Every structure is written in structure tokens, then in C-alpha cells.
**Q** 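Starting off with a structure, shown below.
Note that the numbering runs from 1 along the sequence shown for the chain. Bear in mind the structure is a predicted one, so any value in this text is a computation, not a measurement.
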Amino acid sequence: MKISQSAKNAICLGSLCSVAYFAVYIARNILSAVTPHMVADGYTEEYIGSVSSLYLLFYAFGQLINGAIGDKIKAKYMLSFGLFFAGVTNLLLPVIIEKPNAAMIVYGMTGFFLSMIYGPMTKVVSENTEPIYATRCSLGYTFSSLLGSPAAGILAIFLSWQSVFYVSTGVLVLMAASVFTCFTVFERMKLVRYCQYKPKEKGAGNLKVLFERQIVKFSLISILTGVIRTSVAFWLPTYFAQYHGFTTTEAASIFTGATLAISMTSFIAVFIYEKLGHDMDKTILIGFSASVIFFTLTYFIKTPVMNIIFIVIAIMCSNMAATMLWSRYCPSLRDTGLVSSATGFLDFLSYTASSIANKAFAAAITSIGWSNLILVWIGIVLLGVIVALPYRRRVQNVA
């Protein structure tokens, strides 16, 4: 079957964005992957949790700021500059790790620079591809983001934790150069054009449009899924090592396998979404409901193999709702001219919640223990079920 030119353009643009986002998520998951090694070297969970928490806070506010900027500045500059400077700050962390304040600020800046990627990337894809291809592209870089976790885990298995940061820096700088070059070529080929959609109204009119598009509901979904997909996933290697008694190397290996499984979530979510007749609301409700069930099984069944399987499936089910948010809802806003701003705002909420949760979870590990922390996770996804319930007549999803 002959592939249309629009499909070819989407493949080119989507592939570039997916590879770039893969580099972002290798960098984002490094600290999680090497945490057991750092703990073994004498760094405390509280210290690592504080570094991670500040990173997520910088990332969250960066999403808010860079999302708005991304509606005005070309994606080529946002993506390439963000990748390059994230590589620079990522390189500095192992060097200054013994200076807590400096280390937290530097790693926080890594989060800020990485926040320059997602909003502008979603905007340029949604504005330069047909809606069906925009969904496929966003699915592609969502998948590549999930692959970043096992990739970081593999690096943590074979390299010292300091070397993992250095390798990530090389990947980020290489991708910065590649993105700038490829976008320049795409612009000359007219494959990429900017600002094709602009807000029809200014000021309060924009807010009204977003409220009509259920921005409040999806803001809550962003907060809840952000805690699970970011904070809970962050502590998985430590959970495997402390709760089940695995060595740091074993924990890193299990984390790699777990995140490989989690990376399949996007495809499963879209498959279920299409089988449900493209019903985004039902897909989200099913995801949160199943997550409650599997986190509950995680709490009661403590046999290592089954316990690990259940917690991984619980995260996957929650990520079904996240997939609908990032792969369906955000690209559907392209006619508002606010894709980057809205995406940045939702990501801001997600990572602000994750930042708070990461610090809280670090304290909870020693104060209430892992079993009680699982009860907290059950409560979080149960809130997701409540948010996803159809309180009013379902609004037709935007294609």
C-alpha cells in the first residue's frame, strides 16, 4: 500500500522527536537507576530524595515557563538548546555531589533545561501533521520516553554511577546537534511550519476554551498520574533492594525489566481506546480502576515475584490514563493555538505533584515503611477513579 506524503512527513518528524525524547528520558531516569549504588556508597535516601525533589520542582516550573515560550519561539531552538544545556548541567552533578546545595541547584537546572522539550515538541507535531498522525507521533515519543527507564537501568548495571551521568551527557549533546540540523532541513523542505494555528480569542477567551475542553478534569489526572509514573517509578529500584532484599545489581536488573514492561503501556492504552470506540473517558476510568486492584494485590501478596509483577501492572494501568492525557488530549488542542502552553501547564502540575511526592515518599520509607506506603499509592489511584467517574453527560472527545 502506497504511503501518502503526509504520512511520510509525520514519520520523519515523529521519529526525530521520539529519538530526542528518548535521550531526555535516559537523563531523567539516571538518578533513579543509580540510587541503590549511591546509597551503597554512603549517600542517604533523604539526600537523594531532596536532589530529586528539587529537580522535579525545577522541571515543573520550567514546563510552565517554557510551555508559554514554546508557543512563540521555534521548536528547533527550544529543543536543541534545552538538550545541550541539560547535557552541561548533567555533566557537573557527579563532580559537585559532595556539595549538597550546589548539587541540588545544578541538578535542578538540568530539570529546567529538559522542560524545554515536551511542550514545543507537542505543538510542532500537532501543527504539522494530521490529527491521526499527531496521535501516532505522540504515542511514539511517549513510548520512547518509557524506554528511557530501562536504558538508564542497563547503564547502571554495567557502569559506575558517575559514568552513567557522563554517558548521558554525551547522548544529550549529540541529540542537540542532530535536532538542530534535522529541523533546519525540515524547514527548508517545508515539512515544518510554525504558528499555523493561533488563538481565536485573547485573555479570558483562551481560558474559556480550555475550560470547555475539560482542562480541570485533565489537570487532576495529570497530578495523580504524575505521582505514579514519576515518583512511584523513581523509587522502584530502592523498593526492590530494601523491601525484597535484592542486591543493588539485582535491583537495577529487575528495574530494567520492569520499565521495559511499563514501556508497552502506551500501545496497550491506545489499543483499548480504539476497541472502546475512541472513548477517552472510559479508557481513563478502566486504567485507574485496574490500578487500584493491582496496587491492592501488591499490598497483600508479598511473594517477591508476584509482588513485583503486581506493582508493575499497577503502574502500567495508571499510565493508561496518562497516555490518554498526553497522546490524545494535548494534541487535540491544536485549534486553540495553545498546545505548548496547555501542555506545559499540565506538565507543571504533574511534576510539582511528583516533586512533593518524591520528598514525602523518601521520608515515608523510614517513618511508616514500605507496606504503609503502598496504602498511600492505593489511595492516590482511588482518587483517580473518582475523578474519572462521569459526573455529567460525557463530552464527545475531540479527534
**Q** Over 60° means perpendicular and under 30° means parallel, so tell me whether F295 and W377 are parallel, tilted or perpendicular.
**A** tilted
**Q** Can you measure from OG1 (T259) to CD1 (I154) and round to the nearest 0.5 angstrom?
**A** 8.0 Å
**Q** Can you list the steps and then say if L285 with L389 is a side chain to side chain contact (heavy atoms under 4.5 Å, CB included)?
**A** CA-CA 7 Å; L285 181 58; L389 289 172; 4.0 Å; yes
**Q** Can you sort out the partners of E250 under salt bridge (charged side-chain N to carboxylate O under 4.0 Å, His left out), two or more places apart, ordered by chain and number?
**A** none
**Q** Verify the cluster assignment for I380 and F300: are they in a single hydrophobic cluster under the rule of side-chain heavy atoms below 4.5 Å apart?
**A** yes
**Q** Please say yes or no: joined through hydrophobic side-chain contacts below 4.5 Å, possibly via intermediate residues, are V376 and Y243 part of one cluster?
**A** yes
**Q** Under 4.5 Å between any side-chain heavy atoms of F218 and L210, yes or no?
**A** no
**Q** Please tell me if the side chains of Y25 and I117 come closer than 4.5 Å, counting only heavy atoms from C-beta onward.
**A** no
**Q** Same hydrophobic cluster for W370 and F234, using side-chain heavy-atom links shorter than 4.5 Å among ILVMFWY?
**A** yes
**Q** Has F267 got more than 12 heavy atoms of other residues, nucleotides or ligands less than 6.0 Å from its CZ?
**A** yes
**Q** Mark yes or no: K190 above the aromatic ring of F186, with NZ or CZ under 6.0 Å from the six-membered ring centre and no more than 45 degrees from the axis.
**A** no
**Q** To the nearest 0.5 angstrom, please state how far the OH atom of Y329 sits from the CG atom of L333.
**A** 5.0 Å
**Q** Answer yes or no: is there a side-chain heavy-atom contact under 4.5 Å between I374 and I311?
**A** no
**Q** Any donor-acceptor pair under 3.5 Å linking the side chain of T352 with the backbone of L349?
**A** no
**Q** Do F22 and V171 come close enough that some side-chain heavy atom pair is under 4.5 Å?
**A** no
**Q** Measure from the side-chain N and O atoms of N90 to the backbone N and O of A86, and report whether any donor-acceptor pair falls under 3.5 Å.
**A** no
**Q** Side chain to side chain contact (heavy atoms under 4.5 Å, CB included), that's the test. Do S219 and F345 meet it? Break it down for me.
**A** CA-CA 8 Å; S219 295; F345 171 71; 3.6 Å; yes
**Q** Strictly distance-based, threshold 3.5 Å: is any side-chain N or O of S350 a donor or acceptor partner for the main-chain N or O of L346?
**A** no
**Q** Are F112 and I65 side-chain neighbours, meaning at least one heavy-atom pair lies under 4.5 Å?
**A** yes
**Q** Would you say the ring centers of Y55 and Y107 fall short of 6.0 Å from each other?
**A** yes
**Q** What is the ring orientation for F81 with F85, classed by angle as parallel under 30°, tilted 30 to 60°, or perpendicular over 60°?
**A** perpendicular
**Q** Rounded to the nearest 0.5 Å, how far apart are CZ of F288 and OG of S318?
**A** 5.0 Å
**Q** Give a yes or no on this: more than 12 heavy atoms of other residues, nucleotides or ligands lie within 6.0 Å of atom NZ of K99.
**A** no
**Q** Tell me, do Y43 and V51 make a side-chain contact under 4.5 Å, heavy atoms counted?
**A** no
**Q** Salt bridge between D347 and R229, side-chain N to carboxylate O under 4.0 Å?
**A** yes
**Q** Could you check whether any side-chain N or O of S291 sits under 3.5 Å from a backbone N or O of C317, counting only pairs where one atom can act as donor and the other as acceptor?
**A** no
**Q** For the residue pair F180 and Y77, does the interplanar ring angle fall in the parallel (under 30°), tilted (30 to 60°) or perpendicular (over 60°) class?
**A** tilted
**Q** Over 60° means perpendicular and under 30° means parallel, so classify the ring planes of Y118 and W326, tilted if in between.
**A** perpendicular
**Q** Atom OG1 in T256, atom CD1 in I157: separation rounded to 0.5 Å?
**A** 4.0 Å
**Q** Checking side chain to side chain contact (heavy atoms under 4.5 Å, CB included) for the pair V179/L83: CA distance, chi angles, key distance, verdict?
**A** CA-CA 9 Å; V179 163; L83 289 164; 3.9 Å; yes
**Q** Transitively linked via ILVMFWY side-chain contacts under 4.5 Å: I284 with I268?
**A** yes
**Q** Start with the C-alpha distance between Y239 and V232, add both sets of side-chain angles, then the distance that settles side chain to side chain contact (heavy atoms under 4.5 Å, CB included), and finish with yes or no.
**A** CA-CA 9 Å; Y239 173 79; V232 176; over 6 Å; no
**Q** Between I48 and I96, is there a shared hydrophobic cluster once you connect ILVMFWY residues whose side-chain heavy atoms come closer than 4.5 Å?
**A** no
**Q** Are side-chain heavy atoms of L155 and I30 found at a separation under 4.5 Å?
**A** no
**Q** Is there a side-chain contact between K74 and F183 in this structure, where contact means two heavy atoms from C-beta onward sitting under 4.5 Å apart?
**A** no
